[in-house]
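Counting convention: from 1, in listed order, for ligands and their atoms alike.
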Amino acid sequence: MTLHDPETSIPPESPVVLPRSEHSISRKQIDEDTLKVLYRLSRNGHRAYLVGGGVRDLLLGRAPKDFDVGTDATPNQVKKLFRNCFLVGRRFRLAHIRFGGNYLVEVATFRRQARPDDLPEDPAEHFFVTENIFGTPQEDAFRRDFTINALFYDIKTFSIIDYVGGLADLEARRLRVIGDPLVRFTEDPVRMLRALEFAARLGFSLDEKVRGGIYERASLIAEAAPARIREELMELFRHKVAGAVLRNAQSMGLLEHLMAGYEGDEKTFDLLERIDQRTASGVPIEEPFALAALYLSRFLRTCPAQSEKTVTDAVRIAGLVLSPHCGYFHVAHGIRHQARELLVGFFRFCRGRGRRGERRFLQHPMTPQSLELFSLWCAGDEAMLALAAEWREGLAEAARPQEKKTREGSGAKRSRRPRRRGPRRSKKPSGGGEPGS
Ligand code: ATP
Ligand code: MG
């Protein structure tokens, strides 16, 4: 029997309970507003647990990103207890309790996995029902993805409650799926990507069954909602594990299904790792930058700098290379445009300085970022890094006349005649030149 089988009831084992004296979580580590919510729920006779990633991270001695609360109070009961409470979500009804500033505590009622007889006849309605059936704390633990994500901290007793063996897995630094990975990955294929993400973020090993499950179910991820995949992909970059996770995803056969037909190469994975280091050093990652990095290699294969290709060609090819991804994931036009500018900038950098249109190019708002991408890609290649340094000088120069103008603007006399910028050009089309500059 598998641990988790929605068609049978959950095994009756009682949880492992660690009393306060046997674990390291102190209330001082939990933020004040979350504590207020936990206490008020508890005072009003409800169970109130800290759940999910917050408990995991505190036990690992890491700073949690946020704290989530689980309770047996229904969303409406929660709403009655807090003036500053709003119910949100159709698929997964949650209570959001707002505090000063933008701070928000998310309170979810314990849920269980739907059983076949829970489902309405109309399949279109399944989606809304499956995530909204309230359950016991134990059932709530079993519906979660990984054992380390299913630990509870009980505000009434200050103890940790573990129904799924998460404490042992934290100890062993091992990522294990709750129940049978084959079943859980079929239910929600995005869990395969999350498995790789958590293993990389925490430095945990993947349980053998998780690994086997990913090999076997990889192709299912192509059916996941594009919006979720897009969000999870950006989460990888924000958590500074894009390089490691996508490298792993490729070796496990997941990547090609994640982004239809995508094939990364060593240089791309190295680049992504350097981008992760850049994010770790405090530079926020933005989607156009991530996209340009993912598709840079493919772009350079179609549009090598040492060819007859013009800037106009580069613009067209960059558009073509990004188009399937942006179309499938509904990436907004502005983001797509910026990613394209980053690639075209890269092409211009490769060809060296002194080309037509350089002045305008150096003043383009995307050029500094494109140069960053270029420098990251060139790491380890002395000649290319020297080229990057030349371009950096160019950028500094381009910024200088601007300063001069502002100084001159305040009083200094200037000739009224506009300055000529070079020999007059014929108005006839030049043929073979580089439009688009
Ligand atoms: P972090 O917020 O640090 O990335 P987290 O563990 O809080 O990590 P979230 O994505 O915020 O992750 O999800 C909160 C919790 O919801 C998880 O800890 C897990 O218990 C549960 N969960 C999230 N996604 C799934 C899923 N696809 N299937 C089952 N449970 C999930
Ligand atoms: Mg979270």
Side-chain angles (χ1 to χ4, degrees), residues 3-4 6 10 29-31 34 49-71 88-89 91-94 96 103-114 127 130-133 135 137-153 160-167 169-170 175-204 210 213-214 217 220-221 223-225 227-242 245 279:
L3 264 178
H4 182 94
I10 276 163
Q29 297 166 290
I30 304 170
D31 97 281
T34 307
Y49 294 169
L50 201 62
V51 300
V55 185
R56 174 198 70 218
D57 288 344
L58 286 179
L59 286 171
L60 286 171
R62 303 165 71 98
K65 200 172 74 184
D66 46 32
F67 293 101
D68 295 327
V69 171
T71 181
V88 298
R91 186 164 81 100
F92 195 112
R93 235 143 137 83
L94 287 173
H96 276 178
Y103 197 75
L104 197 127
V105 176
E106 208 170 88
V107 181
T109 306
F110 298 133
R111 283 165 166 78
R112 66 170 165 82
Q113 193 108 348
F127 195 57
T130 47
E131 306 250 4
N132 269 319
I133 304 168
Q138 184 183 20
E139 287 168 324
D140 190 79
F142 277 89
R143 74 164 174 95
R144 292 172 184 273
D145 46 8
F146 309 113
T147 60
I148 57 165
N149 283 353
L151 296 166
F152 299 143
Y153 170 84
I160 308 265
I161 304 174
D162 176 12
Y163 288 97
V164 293
L167 286 167
D169 289 334
L170 274 184
L175 194 88
R176 207 157 52 86
V177 164
I178 299 172
D180 181 352
L182 291 177
V183 174
R184 303 304 311 281
F185 291 161
T186 310
E187 279 168 14
D188 178 7
V190 176
R191 290 176 185 145
M192 293 187 273
L193 187 58
R194 284 174 61 87
L196 297 186
E197 180 196 323
F198 283 114
R201 273 171 64 186
L202 306 172
F204 277 28
V210 176
I214 296 179
R217 293 286 186 265
L220 291 185
I221 205 153
E223 289 161 30
R228 275 186 79 199
I229 300 288
R230 180 181 171 196
E231 185 47 35
E232 289 290 338
L233 269 176
M234 280 315 294
E235 280 292 290
L236 300 182
F237 280 95
R238 285 185 212 111
H239 283 114
K240 301 152 275 205
V241 291
V245 168
T279 315

S.K.: Note the single closest protein heavy atom to atom 8 (O) of ligand 1, along with its residue, its atom name and the distance in Å.
M.R.: Arg56 NH2, 3.3 Å
S.K.: Would you sort out whether Val164 and Phe146 count as a side chain to side chain contact (heavy atoms under 4.5 Å, CB included), showing the intermediate values?
M.R.: CA-CA 9 Å; Val164 293; Phe146 309 113; over 6 Å; no
S.K.: Does only the side chain of Arg111 get under 4.0 Å from ligand 1, or the backbone, or both, or neither? Count heavy atoms.
M.R.: neither
S.K.: Calculate, to the nearest 0.5 Å, the distance between atoms CZ and CD belonging to Arg238 and Glu232 respectively.
M.R.: 10.0 Å
S.K.: Using the six-membered ring wherever Trp is involved, compare the ring planes of Tyr163 and Phe152 and label them parallel, tilted or perpendicular (cut-offs 30° and 60°).
M.R.: perpendicular
S.K.: In the complex you have, is atom 3 (O) of ligand 1 within reach of the protein, judged by whether a heavy-atom distance drops under 4.0 Å?
M.R.: yes
S.K.: Out of curiosity, is Glu232 lining ligand 1, as in a heavy atom under 4.0 Å away?
M.R.: no
S.K.: Could you name the option among Asp57, Ile148, Asp68, Asp145 that has the heavy atom nearest to atom 30 (N) of ligand 1?
M.R.: Asp145
S.K.: Side chain or backbone, does Glu235 bring an N or O within less than 3.5 Å of an N or O on ligand 1?
M.R.: no
S.K.: Could you measure the distance from the CG atom of Leu196 to the CD1 atom of Ile214? Nearest 0.5 Å is fine.
M.R.: 4.0 Å
S.K.: Counting each atom of ligand 1 from 1 as listed, which ones have a heavy atom of Gly52 under 4.0 Å away?
M.R.: 18 (O)
S.K.: Does the distance from a Lys or Arg side-chain N to an Asp or Glu carboxylate O, for Arg184 and Asp188, drop under 4.0 Å?
M.R.: no
S.K.: Do Glu235 and Glu231 come within less than 4.5 Å of each other through their side chains, counting heavy atoms only?
M.R.: yes
S.K.: What do we get for Asp188 next to ligand 1 when only non-hydrogen atoms under 4.0 Å count, side chain, backbone, both or neither?
M.R.: side chain
S.K.: Check the side chains of Tyr49 and Asp140 for a donor-acceptor pair under 3.5 angstrom, ignoring hydrogens and angles.
M.R.: no
S.K.: Would you mind finding which of Arg194, Arg144, Arg62 brings a heavy atom closest to atom 22 (N) of ligand 1?
M.R.: Arg194
S.K.: Compare all side-chain heavy atoms of Arg217 with those of Arg191 and state whether any distance is below 4.5 angstrom.
M.R.: no
S.K.: Mind checking whether Arg184 has an N or O less than 3.5 Å away from an N or O of ligand 1?
M.R.: no
S.K.: For atom 26 (C) of ligand 1, which protein heavy atom lies nearest, and how many Å away is it?
M.R.: Arg191 NE, 3.7 Å
S.K.: Mind checking whether Phe198 contacts ligand 1 via backbone (N, CA, C, O), side chain (CB onward), both or neither, at a 4.0 Å heavy-atom cut-off?
M.R.: side chain
S.K.: Using a strict cut-off of 4.0 Å, indicate which atoms of ligand 1 neighbour a heavy atom of Arg228.
M.R.: 27 (N)
S.K.: To the nearest 0.5 Å, what is the distance between CD on Glu197 and CG on Leu202?
M.R.: 9.0 Å
S.K.: With heavy atoms only and a cut-off of under 4.0 Å, state how Arg201 meets ligand 1: side chain, backbone, both or neither.
M.R.: side chain
